[in-house]
Amino acid sequence: MSEESSGLADIPGLIRIENTPKEELTAHCMELTHAVYPHHEVYGRYCTIHEYVDCPPESAYDYLRQGHHLEEWTCSLRDFAPSGTPGLWVGHDRLEDDTRIWCEVVANPEARTVDYHCSWDQGEQLWMIYLMRVVPARPVLDKPGSVITWTNCRHPYYDTNPHPEKAPRPDRPWVGDYWDLFYAGHTVEMKNLKAILEHRHHNGLPVSAAPSRAVAR
C-alpha cells in the first residue's frame, strides 16, 4: 500500500522511510540522542521504571493483583481494610501524617496487567493510577523469571489538589509535591518488590501472603 493510497502522505510530521532518506533519518535520531537529559524531560509527564525479577510470572502477577500486598513492598502504604464498597480498600499513606488513601485493583490475567487506581483523601474519584505489567522473561531475555514494568502518568491533579477541603489539615503537603522524587521512590519500592518475590521463590515459600484484615471483594 502506497502513502498516497493509504492517506499517510496527507498527514504532516510523519517520518517514514518512504519520505525520509536513511541518512536523514539517522541524523535526526542522533539529534534526539543526548549524553545528559534534564530531569523534567525524562520524568516531567510520565514516570516509568522496570526490573527483572527471578520469580515465575504467574506468581509475580498473582502477588501484585492482591492489593493487600502493597503493605509489604511499598514504602508507606499501610493499614488497608475494606472501605464498605466492594473492591475498594482504604488505608493510610504514611508519607504524610493522617493521610488516608483509597485503592481499587484492576487486573487482567491474560495480559498480566495490574493497575492500582488510587487517591488521597477521598474514594469517589481514583485519579492516581499506577500501571504495572508482568512480562515472562523467557521470550524477552531468554532466561526464567519476570520483567515488571511500572508507569505513572502525571494527571493534572498532581499539580492541584481537587479536594483541598478533605485534607486532614491545611498545611499538609500534597502528593504532587513529590512528583520529582517519583522515579527514585518507585525504584526503591521496585527493589523491595524484587527482594520479596525472589526471597520467597528461592526459598520455596508461598509468594503471596494472607491479608492481615478482611478482604474486600
Side-chain angles (χ1 to χ4, degrees), residues 43 46-49 51 53 60-107 113-132 134 148-197 199-200 206-217:
Y43 307 115
Y46 310 95
C47 179
T48 297
I49 64 172
E51 182 63 87
V53 180
Y61 167 79
D62 189 57
Y63 180 89
L64 286 171
R65 74 168 183 82
Q66 300 181 64
H68 63 275
H69 288 133
L70 287 166
E71 295 187 9
E72 293 190 336
W73 63 271
T74 66
C75 290
S76 60
L77 304 186
R78 301 293 184 268
D79 309 319
F80 276 109
S83 69
T85 299
L88 184 64
W89 293 66
V90 60
H92 290 92
D93 192 338
R94 295 188 185 174
L95 194 63
E96 290 295 337
D97 293 339
D98 304 318
T99 294
R100 305 185 80 192
I101 184 168
W102 276 256
C103 179
E104 180 181 13
V105 181
V106 179
T113 57
V114 180
D115 302 336
Y116 302 105
H117 293 235
C118 305
S119 182
W120 274 14
D121 303 331
Q122 53 80 36
E124 287 74 39
Q125 185 179 10
L126 305 177
W127 59 271
M128 298 163 51
I129 302 179
Y130 303 81
L131 308 168
M132 303 190 74
V134 179
I148 299 178
T149 65
W150 176 5
T151 296
N152 273 85
C153 303
R154 188 166 184 167
H155 191 285
Y157 288 169
Y158 278 113
D159 296 323
T160 304
N161 184 355
H163 301 287
E165 75 284 356
K166 295 183 180 293
R169 58 187 186 282
D171 63 342
R172 194 276 311 275
W174 181 233
V175 62
D177 298 340
Y178 294 94
W179 179 269
D180 286 345
L181 296 175
F182 268 32
Y183 176 81
H186 290 175
T187 296
V188 170
E189 293 181 320
M190 184 72 93
K191 296 295 185 183
N192 288 345
L193 177 62
K194 175 182 173 70
I196 292 170
L197 294 179
H199 172 80
R200 291 177 177 169
V207 172
S208 294
S212 59
R213 292 168 179 81
V215 178
R217 294 295 186 185

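Other residues, nucleotides and ligands contribute only 12 or fewer heavy atoms inside 6.0 Å of the OH atom of Tyr183.
Listed here is the closest heavy atom pair of Asn152 and Phe182: ND2-CE2, 4.3 Å. When all heavy atoms of Tyr46 and Cys153 are compared, the closest pair comes out as CD2-SG, 3.8 Å. Scanning all heavy atoms of the two residues, the minimum distance from Val207 to Tyr63 falls at O-CD1, 3.3 Å. Ile101 and Leu77 make their closest contact through CD1-CD2, 3.8 Å (heavy atoms, listed as atom of the first residue, atom of the second, distance). Smallest separation of non-hydrogen atoms from Ser83 and Trp102: CB-NE1, 4.3 Å. Closest heavy-atom contact between Ser208 and Gln66: OG-NE2, 3.2 Å.
Looking at heavy atoms from C-beta onward, Asp159 lies in side-chain contact with Arg154 at the 4.5 angstrom threshold. When side chains are defined from C-beta on, Asn161 counts as touching Asp121, because their heavy atoms get closer than 4.5 Å. At least one side-chain heavy atom of Arg94 sits under 4.5 Å from a side-chain heavy atom of Asp79. Between Leu126 and Cys103 there is no side-chain heavy-atom pair separated by less than 4.5 Å.
Ion pairing between Arg172 and Asp97 fails under the 4.0 Å rule for side-chain N and carboxylate O.
Checking side-chain atoms of Arg78 against main-chain N and O of Glu71 turns up a donor-acceptor pair under 3.5 Å. Between the side chain of Glu104 and the backbone N or O of His117, no donor-acceptor pair lies under 3.5 Å. Between the side chain of Gln122 and the backbone N or O of Glu124, at least one donor-acceptor pair lies under 3.5 Å. Thr99 places no side-chain N or O within 3.5 Å of a backbone atom of Asp93 that could act as its donor or acceptor partner. A distance-only check finds no donor-acceptor pair linking the side chain of Thr85 to the backbone of Leu88 [under 3.5 Å].
Put simply, the residue from Lys191, Glu72, His69 that forms a side-chain contact (heavy atoms from CB on, under 4.5 Å) with Ile196 is Glu72. When the options Ile148, Thr149, Thr151, Asp115 are evaluated for a side-chain contact (heavy atoms from CB on, under 4.5 Å) with Met132, the one that passes is Ile148.
Under the rule for a ring-ring contact (aromatic ring centres under 6.0 Å, His included), Tyr178 has no partner lying at least two apart in sequence or in another chain. Under the ring-ring contact (aromatic ring centres under 6.0 Å, His included) criterion, His92 pairs with no residue, sequence neighbours left out. Listed by chain and number, the residues in a ring-ring contact (aromatic ring centres under 6.0 Å, His included) with His163 amount to none (sequence neighbours excluded).
In this structure, Trp150 CH2 and Thr48 OG1 are separated by 11.0 Å, a value rounded to the nearest 0.5 Å. From Trp174, atom CH2 reaches atom OH of Tyr157 across 10.0 Å, with rounding to the nearest 0.5 Å. Atom-to-atom distance recorded for Tyr158:OH and Met128:CE is 4.5 Å, nearest 0.5 angstrom. Atom-to-atom distance recorded for His186:NE2 and Leu193:CG is 12.5 Å, nearest 0.5 angstrom.
The aromatic rings of Tyr116 and Trp73 lie tilted to each other, with the angle between the two planes from 30° to 60°. Aromatic ring pairs are classed by plane angle as parallel below 30°, tilted from 30° to 60° and perpendicular above 60°; the pair Phe80 and Trp89 is perpendicular.
Looking at Ser119 and Trp127, their side chains do bring a donor and an acceptor atom within 3.5 Å of each other.
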